[in-house]
Amino acid sequence: MKKSVLVSLACSLATIPIVGYAASLPIRVKYEMAKFNNLPAKLKNLKILHISDLHNRQSNKINVDIWQHILGLDYDIAVFTGDLILDNVKQIYPHLDGIKSLVKKVPVFYVDGNHERWCFSKMAKLLENTGVNVLYNKISLLGNKSVVGFRDYDYLQERDFNGIDSLLSKMAKADRTDNKTDNKANNKTDKPANGTDNFHIILSHQPQIFDYLKQKLPNISGLILAGHTHGGQVKLPLLPTLFAPGQGVLPKYSEGWYQNSTGNLKMFISKGIGTTHFPLRLYNPPEIAIVTLSNA
């Protein structure tokens with residue numbers, strides 16, 4: 001009797017990784033709504049395709065044939081939040097045709113991840129040649145959209161965040177002229193809603209940028225899109241994320257939504273598509289997201 005119980009228990013435990021792996025094979029599209037009290041009218045219903053942590057390896061078929069599916073979705077702009085490769089620029093080659101087709105459809109923006117820090121100039125040149133907007137500590141005012149891109153957080157931290165003061169200043173001042181023009185046209189005061197005068201779509205590979213921006217620019221509002229954590233990559237049912245690179249055990253930021261105290265600055269963390277040197281995802285299917293901006 002005791003032996004049969006042990007055998008049953010062993011068989012049950014053995015199925016956990018098998019079921020977890022099977023559940024993590026199909027890529028999923030997450031449809032998310034980002035609601036803001038002070039969203040500029042010009043950005044209402046903007047749909048953002050968010051792709052992160054592709055981590056492509058030419059031998060890894062889980063994420064090579066995704067473009068037909070991605071290109072058939074509905075969105076207005078697309079963003080890559082880093083780690084398109086694992087350890088070699090050549091690993092992005094199988095995806096270049098898909099990226100070129102994406103560029104023909106919508107404006108595309110990219111920031112680097114920690115796996116691209118060693119070849120960031122090569123990646124920048126390669127992607128710029130396909131028509132992607134590479135935002136290395138840069139702000140892009142594309143039409144009525146302010147899209148801001150930060151270098152990988154490790155890169156910034158190692159340099160004590162030197163060299164981004166100009167970008168932060170531009171973020172603090174961006175759209176001020178537009179807001180004053182809009183307010184005068186509507187016979188309203190120049191004082192923006194909730195004490196803010198700008199709204200940004202902010203791209204960063206690692207989510208730790210959230211705390212930094214809350215400290216440095218407490219009055220800005222916007223949407224931060226990040227990745228890096230893979231949502232833990234390996235998860236166990238009913239348990240929180242146990243580990244995330246750069247944050248360690250029981251990380252503060254794992255996946256999904258976070259916001260500051262006013263709700264004017266929100267962050268969405270994608271679980272991403274690929275894997276790192278450990279090639280499996282368990283109970284954690286790969287995902288891309290379409291985030292729609294709307295009024296609260």
Side-chain angles (χ1 to χ4, degrees), residues 34 36 38-39 48 50 52-53 79-83 109-118 120 124 133-141 145-176 192 194-232 241 243-272 289 291 293:
F36 294 88
N38 56 347
L39 181 73
I48 307 169
H50 181 200
S52 193
D53 297 273
V79 303
F80 294 111
T81 53
D83 280 2
F109 302 87
Y110 161 84
V111 293
D112 65 334
N114 56 300
H115 281 260
E116 293 146 343
R117 288 171 56 210
W118 322 113
F120 68 90
N133 298 283
V134 175
L135 301 181
Y136 286 172
N137 295 335
K138 190 175 177 182
I139 184 170
S140 174
L141 298 175
K145 294 174 283 294
S146 168
V147 185
V148 182
F150 284 92
R151 292 295 309 271
D152 178 66
Y153 191 79
D154 289 344
Y155 178 95
L156 297 176
Q157 198 169 41
E158 287 172 3
R159 290 156 180 77
D160 199 26
F161 297 92
N162 289 328
I164 64 171
D165 289 345
S166 175
L167 175 59
L168 296 177
S169 178
K170 289 177 181 177
M171 291 177 68
K173 296 176 182 178
D175 296 337
R176 192 164 292 166
N194 296 328
T196 65
D197 59 1
N198 49 70
F199 188 97
H200 305 283
I201 299 165
I202 302 167
L203 312 181
S204 174
H205 179 61
Q206 299 194 41
Q208 297 94 302
I209 199 71
F210 187 54
D211 290 328
Y212 180 79
L213 291 179
K214 285 195 299 181
Q215 177 186 358
K216 291 293 184 178
L217 299 172
N219 290 325
I220 69 162
S221 60
L223 170 67
I224 300 174
L225 296 172
H228 184 63
T229 67
H230 297 196
T241 297
F243 178 85
Q247 299 182 74
V249 178
L250 297 177
K252 180 178 181 181
Y253 301 117
S254 170
E255 62 178 274
W257 287 100
Y258 301 83
Q259 67 178 41
N260 66 357
S261 58
T262 64
N264 288 339
L265 186 65
K266 300 178 189 288
M267 176 170 66
F268 176 76
I269 304 174
S270 171
K271 294 190 293 186
V291 182
L293 301 180

When rounded to the nearest 0.5 angstrom, what distance separates [atom1] in [X] from [atom2] in [Y]?
X	Y	atom1	atom2	result
K266	L293	NZ	CG	11.0 Å
T262	N219	OG1	CG	8.5 Å
N38	N264	CG	CG	4.0 Å
S254	H230	OG	NE2	11.5 Å
H115	D53	NE2	CG	8.0 Å
Q157	I209	CD	CD1	9.5 Å

Worksheet entry | salt bridge (Lys or Arg N to Asp or Glu O under 4.0 Å) partners for K216, two or more places apart | none
Response to the item:
Residue set satisfying salt bridge (Lys or Arg N to Asp or Glu O under 4.0 Å) with D112, at least two apart, ordered chain then number -> R151
Of the non-hydrogen atoms in [X] and [Y], which two are nearest, and what is the gap between them?
X	Y	answer
S52	H50	CB-NE2, 4.0 Å
A34	W257	CB-CH2, 3.6 Å
S146	L141	CB-CD2, 3.8 Å
G231	E255	O-OE2, 3.8 Å

Item to complete: Applying side-chain contact (heavy atoms from CB on, under 4.5 Å) between V79 and each of L225, I202, V111, report the one that passes.
Response: L225
For [X], all residues meeting side chain to side chain contact (heavy atoms under 4.5 Å, CB included), sequence neighbours excluded:
X	value
K138	L135
N133	F109
Q247	P207, Q208, T229, A244, P251, K252, Y253
A124	V134, Y136

Practice prompt. Check the pair L265, S221 against side chain to side chain contact (heavy atoms under 4.5 Å, CB included), reporting the backbone distance first and the verdict last.
Written response: CA-CA 5 Å; L265 186 65; S221 60; 5.8 Å; no
Worksheet entry | Selection residues 155-165 - residue pairs positive for salt bridge (charged side-chain N to carboxylate O under 4.0 Å, His left out), sequence neighbours left out | R117-E158
Who passes ring pair (Phe, Tyr, Trp, His ring centres under 6.0 Å) against [X], sequence neighbours left out?
X	result
W118	none
F161	Y153, Y212
F36	F199

Discussion item. I need the single residue from D152, T81, D83 that forms a side-chain hydrogen bond (donor to acceptor under 3.5 Å, both in side chains) with H205. Which is it?
Written reply: D83
Discussion item. Is it the case that the side chain of H200 and the backbone of M171 share a donor-acceptor pair, with hydrogens and angles ignored and the cut-off at 3.5 Å?
Written reply: yes
Discussion item. Given 3.5 Å as the limit, does a donor-acceptor pair link the side chain of N137 with the main chain of I164, or not?
Written reply: no
Response to the item:
Sorted by chain and number, sequence neighbours left out, side-chain hydrogen bond (donor to acceptor under 3.5 Å, both in side chains) with D154 holds for Q206
Discussion item. My understanding is that only residues two or more places apart in sequence, or in another chain, count here; which of them pass side-chain hydrogen bond (donor to acceptor under 3.5 Å, both in side chains) with K145?
Written reply: none
